[in-house]
Amino acid sequence: MIGVFDSGVGGLSVLRELYKLLPNENYVYYADTAHCPYGGKTREYVLERAREITRFLLDKGCNIIVIACNTATAAAIKDLREEMPDVCFVGIEPAIKPAAMRSHTNVVGVLATAGTLKGGKYLDLVERFHDSADVVESVGRGFVELVESGDFTSAHAEEVVRAAVEPLLNAHADTLVLGCTHYPFLMDMICKVAGPSVRVIDPAPAVAAQVQRLYAGRLEGESEGFSISLYSSGSVEALKRMYCLLLG
Ligand code: DGL
């Protein structure tokens, strides 16, 4: 069984891709809505939330834990792997490598939370590709709140998206990386603001492919068809709305 968690509904963008590749699996999704957003919280706080949610998912019978949250991956995956060596963890991080390979201006723009951008893992990643491209960053301030409230298209949503995307365009980024799993739900708005010549990369399909590649053997024969259980530490309204929107 595959456990997937995020601070809120963002991780459903990863679950959607998992479902495409592994449609006959059993999933448990946990939205930490009562503690959302994670982006501005301390590393210790997010690590403790990730620990508690992991224990919950293991109790439900999950044997693979997908941390469908860049902020929680940055804060917690290293510690969780050390503390629970028998558990399979898959995390998500900004897709700088494919972006650097595709950029013509050699400037990659990363949209992410403050927590992700100051994490050691992210800084190492930027360092590794600094010969291939310049990386410019912008915090998607207000993006998580828009997605949690289901606002993807209003004039206010456009204003919020423009404020974060414009500095990246001004720095000549021609490829944008969505470094937060909430942001793919604003894909249409981000593309509208960025214009047709800018490519926008969502790393969720790559994460799903990694789960399939690494762990398909572990899942084989375990399931008799698709099932999903959804949990939230807070209100379930946003979760229900997004789930219906995505998976029907
Ligand atoms: N969806 C999350 C991420 O990928 C967390 C956003 C937040 O809670 O601030 O970073």
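Numbering of ligands and ligand atoms starts at 1, following listing order. We number each residue from 1, following the sequence as shown. Heavy atoms only: backbone and side chains are in, while hydrogens, waters and symmetry mates are out.
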Pull out every atom of ligand 1 sitting under 4.0 Å from any heavy atom of [X], numbered as shown with elements.
X      : value
Thr71  : 3 (C), 5 (C), 10 (O)
Asp6   : 1 (N), 2 (C), 5 (C)
Gly39  : 7 (C), 8 (O), 9 (O)
Ser7   : 5 (C), 6 (C), 7 (C), 8 (O)
Pro37  : 7 (C), 8 (O), 9 (O)
Thr113 : 6 (C), 9 (O), 10 (O)
Val144 : 6 (C), 7 (C), 9 (O)

Ring centres under 6.0 angstrom apart (Tyr29, Phe5):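 That pair fails the under 6.0 Å test.
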Given salt bridge (charged side-chain N to carboxylate O under 4.0 Å, His left out), test Arg51 with Glu48 step by step and report yes or no. CA-CA 5 Å; Arg51 261 193 204 114; Glu48 198 39 48; 2.6 Å; yes
List the steps, then state whether side-chain contact (heavy atoms from CB on, under 4.5 Å) holds for Leu186 with Leu146. CA-CA 9 Å; Leu186 291 165; Leu146 288 176; 4.3 Å; yes
Proximity winner for atom 3 (C) of ligand 1, if only heavy atoms of Asp32, Leu12, Asn70 are counted: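 Among Asp32, Leu12, Asn70, the closest heavy atom to atom 3 (C) of ligand 1 comes from Asn70.
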Ring geometry between Phe56 and Tyr231 (parallel below 30°, tilted from 30 to 60°, perpendicular above 60°):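 It falls in the perpendicular class, over 60°.
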Hey, does Cys180 sit under 4.0 Å from ligand 1 if you only count heavy atoms?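 Contact check Cys180 vs ligand 1: positive.
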Just by distance, do the side chain of Arg43 and the backbone of Ala75 share a donor-acceptor pair under 3.5 Å?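 At least one qualifying donor-acceptor pair exists.
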If you draw a 6.0 Å radius around CZ in Arg141, do more than 12 non-hydrogen atoms from other residues or ligands fall strictly inside?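 No, the 6.0 Å shell around CZ holds no more than 12 heavy atoms from other groups.
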Provide, to 0.1 Å, the distance between atom 7 (C) of ligand 1 and the closest protein heavy atom, together with that atom's residue and name.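 Of every protein heavy atom, Tyr38 N, 3.3 Å lies nearest to atom 7 (C) of ligand 1.
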State, with a plain yes or no, whether a side-chain heavy atom of Val147 is found less than 4.5 Å away from one of Met242.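 SC-SC contact between Val147 and Met242 confirmed.
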Heavy-atom side-chain contact between Pro94 and Thr116 under 4.5 Å: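 Side chain of Pro94 against side chain of Thr116, heavy atoms only: contact under 4.5 Å found.
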With heavy atoms only and a cut-off of under 4.0 Å, state how Cys69 meets ligand 1: side chain, backbone, both or neither.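 Both backbone and side chain.
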